[in-house]
Visitor: 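I'd like to ask some things about the structure below.
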Number of protein chains: 2
Amino acid sequence: MNMMITNRDRLLLAARELFLEHGYDASVDAIIAHAGVARQTFYNHFRNKESLFAEVVRDCFLDVIAPLNEHPDELRQSLLIFAQAYRQRALSPAGVSSYRVLSGQAQRFPALVREAYTMGAGQIIERLASFLRMAMEEKKLLDADPVFAAEMLMAMVVGQERTHLLFGIQRKPEDEQRKMEYVVDGFLRMFAPQCGI
Amino acid sequence: MNMMITNRDRLLLAARELFLEHGYDASVDAIIAHAGVARQTFYNHFRNKESLFAEVVRDCFLDVIAPLNEHPDELRQSLLIFAQAYRQRALSPAGVSSYRVLSGQAQRFPALVREAYTMGAGQIIERLASFLRMAMEEKKLLDADPVFAAEMLMAMVVGQERTHLLFGIQRKPEDEQRKMEYVVDGFLRMFAPQCGI
DNA sequence: CATGGATTAGACTGAGCAGTCTACCCGAGA
DNA sequence: TCTCGGGTAGACTGCTCAGTCTAATCCATG
């Protein structure tokens, strides 16, 4: 009910931006400057830099939703929608940056990074896997480990492009839509129930 | 012909270990201590920390070889050998650590990281793609973009496990051999020439 | 008007860091 | 024996950073 933007919000927003851009190396000085707030104000709202980081990380992963089980009968269409949405999110600047930052801080903050993964990609895998399990039970897909199948699909959706973005490799623009159709059709052929090898 | 281990070698080895473990944050103090060498000796052999890092990175990516085109007729067997070798290398502690370190330093050293990628994963993709192109020309595989196909196979071989290792997520042990057979067989079904969708 | 909680600017501490510099040491070759 | 290149130890500079502290200011409530 309170629309006021507090200094706390300003700090969280600024920290989010700077952490995504510079990783945990973003200095407290830079964060308070970017938030337009005094040094002491920061320490009024947060115990220290570490707890601010933790809060930013937890905030980032609240809004991870996988658009699935919308068309439970049209398998190909459902997977296509999922693939495009997941790809868009995973390869977005924020997605790539948070991947970079979290993997970089996995040693310093093991529990936090595990938590972020569980809340983010972990959730998505689980949902996709249970969706695929349903399709397998309905004999629309070859019987297999649904988690394995989910991981294969997600791996193909992201492909080498996350690595390219992480490493700053230029890539010629592609037809995203078409590519995702290739991937989903390939996946369906891979797990097609009729073709039995 | 000279078997002597120089101080330079000691420094490179120590730096490699510490950079892989702590990233670029590994301090010069720690490196010279680990090499058992004086501070000035370091600056006798390297201009500064940055050039040492560059040399370590370049060293790391000299020995990336993809065991391919050994069985050009037995497609499945060739791919299986490749898959196991690539997986082993990519998911090794050194492989995962260098991925973490390089992606973390992509902003600071863009050219170096690009170079490392080109010499490493880039090479592997190219080799695999040209191998697949041959198989496509011989009609052993569905006609498709060989680079796309190579990236799909590599993505599946690594799957979610690189992410798990980067993020420090525990994983129950699996049957590697069997898993790679699944992946290669799935890949072959995906790009099977007969089954035309 | 008065009080008190939040905010501000900025000084300060203590630590770690990269890189420089000095002074000393050792061992091989002239 | 002398010299000199490469080695060692360690002090030192200059910087950045996280976190603390002080003193002044603002503002809403009583």
Side-chain angles (χ1 to χ4, degrees), chain A residues 1-58 100-102 104-105 107-113, chain B residues 1-58 100-102 104-105 107-113:
Chain A
M1 262 307 139
N2 198 343
M3 289 302 179
M4 202 175 58
I5 302 174
T6 66
N7 279 338
R8 201 166 193 286
D9 296 333
R10 267 186 271 269
L11 280 166
L12 281 170
L13 188 63
R16 183 172 182 154
E17 271 185 45
L18 294 186
F19 280 143
L20 281 180
E21 192 175 343
H22 300 110
Y24 191 69
D25 289 342
S27 71
V28 173
D29 278 17
I31 291 169
I32 61 177
H34 197 260
V37 135
R39 192 165 193 70
Q40 188 55 44
T41 304
F42 171 88
Y43 286 98
N44 285 342
H45 291 289
F46 300 94
R47 197 154 29 87
N48 49 27
K49 184 182 177 182
E50 181 176 333
S51 73
L52 169 70
F53 183 70
E55 194 147 335
V56 167
V57 168
R58 293 204 177 88
R100 194 201 318 269
V101 173
L102 288 174
Q105 299 304 318
Q107 274 123 16
R108 204 186 324 214
F109 307 118
L112 178 66
V113 171
Chain B
M1 264 308 137
N2 199 342
M3 288 301 177
M4 205 175 57
I5 301 174
T6 67
N7 279 337
R8 200 167 195 285
D9 295 333
R10 268 187 270 270
L11 281 166
L12 281 171
L13 189 63
R16 183 172 182 153
E17 271 185 46
L18 294 185
F19 279 144
L20 281 181
E21 192 176 344
H22 300 111
Y24 191 70
D25 289 343
S27 71
V28 173
D29 277 18
I31 292 169
I32 61 176
H34 197 260
V37 136
R39 192 164 191 71
Q40 189 55 44
T41 306
F42 171 88
Y43 287 99
N44 285 342
H45 290 289
F46 302 94
R47 197 155 27 88
N48 50 27
K49 184 182 177 182
E50 180 175 334
S51 74
L52 169 69
F53 182 70
E55 195 147 335
V56 168
V57 168
R58 293 203 178 88
R100 195 204 315 272
V101 173
L102 288 174
Q105 299 304 318
Q107 274 123 18
R108 206 187 320 214
F109 307 118
L112 178 65
V113 171

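Just so you know, these numbers use all the heavy atoms, side chains as well, and skip hydrogens, waters and symmetry mates. So that the names make sense, note that chain A is the first sequence line, chain B the second, and so on, each numbered from 1.
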Visitor: Go through A:Glu55 and A:Arg8 one step at a time and tell me if the side-chain contact (heavy atoms from CB on, under 4.5 Å) criterion holds.
Guide: CA-CA 11 Å; A:Glu55 194 147 335; A:Arg8 201 166 193 286; 2.8 Å; yes

Visitor: For residues 38-47 of chain A, which residues have at least one heavy atom under 4.0 Å from DNA chain C?
Guide: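 Of all residues in residues 38-47 of chain A, the ones placing a heavy atom under 4.0 Å from DNA chain C are A:Ala38, A:Arg39, A:Gln40, A:Thr41, A:Asn44, A:His45.
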
Visitor: Using the rule given for side-chain contact (heavy atoms from CB on, under 4.5 Å), can you reason through B:Phe19 versus B:Ile31, listing the C-alpha separation, both sets of side-chain angles and the distance that settles it, and then say yes or no?
Guide: CA-CA 9 Å; B:Phe19 279 144; B:Ile31 292 169; 3.9 Å; yes

Visitor: When the distance from OH of A:Tyr24 to P of D:dA18 is rounded to whole Å, what number comes out?
Guide: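 These atoms are roughly 8 Å apart.
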
Visitor: In sequence, state the C-alpha distance, the side-chain angles, and the governing distance for B:Tyr43 and B:Gln40, and then conclude on side-chain contact (heavy atoms from CB on, under 4.5 Å).
Guide: CA-CA 5 Å; B:Tyr43 287 99; B:Gln40 189 55 44; 4.1 Å; yes

Visitor: In this structure, how many angstroms lie between the P atom of C:dC17 and the CZ atom of B:Phe53, rounded?
Guide: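 Interatomic distance, CZ of B:Phe53 to P of C:dC17: 17 Å.
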
Visitor: Under 4.0 Å between a side-chain N or O of B:Asn7 and OP1 or OP2 of D:dG6?
Guide: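 Answer no for this pair, as no side-chain N or O of B:Asn7 is under 4.0 Å from OP1 or OP2.
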
Visitor: Round to the nearest Å and state the distance from A:Arg10 atom CZ to C:dT8 atom P.
Guide: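 Distance check: A:Arg10 CZ to C:dT8 P gives 8 Å.
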
Visitor: Go through the steps for A:Val101 and A:Tyr24 under the test side-chain contact (heavy atoms from CB on, under 4.5 Å), then give the verdict.
Guide: CA-CA 7 Å; A:Val101 173; A:Tyr24 191 69; 5.6 Å; no

Visitor: With a 3.5 Å cut-off and no angle check, do the side chains of A:Thr41 and A:Asn44 form a donor-acceptor pair?
Guide: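 Looking only at side-chain atoms, A:Asn44 and A:Thr41 do not form any donor-acceptor pair under 3.5 Å.
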
Visitor: Tell me: CD of B:Glu50 to C1' of C:dC17, nearest whole Å?
Guide: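 Rounding to the nearest Å, CD of B:Glu50 and C1' of C:dC17 are 16 Å apart.
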
Visitor: For B:Ile32 and C:dC17, what is the distance between atoms CD1 and C1' respectively, to the nearest whole Å?
Guide: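 It is 12 Å, rounded to the nearest whole Å.
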
Visitor: Would you mind reading off the distance between A:Asp29 atom CG and D:dG19 atom P, rounded to a whole angstrom?
Guide: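 Taking atom P of D:dG19 as the reference, CG of A:Asp29 is at 11 Å.
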
Visitor: Find the distance B:Lys49:NZ to C:dG19:C1' and express it as a whole number of Å.
Guide: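 The answer, rounded to whole Å, is 12 Å.
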
Visitor: Taking the side chain as every heavy atom from C-beta outward, state whether B:Gln107 and B:Val113 have any pair of such atoms under 4.5 Å apart.
Guide: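 Not touching, per the 4.5 Å side-chain cut-off.
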
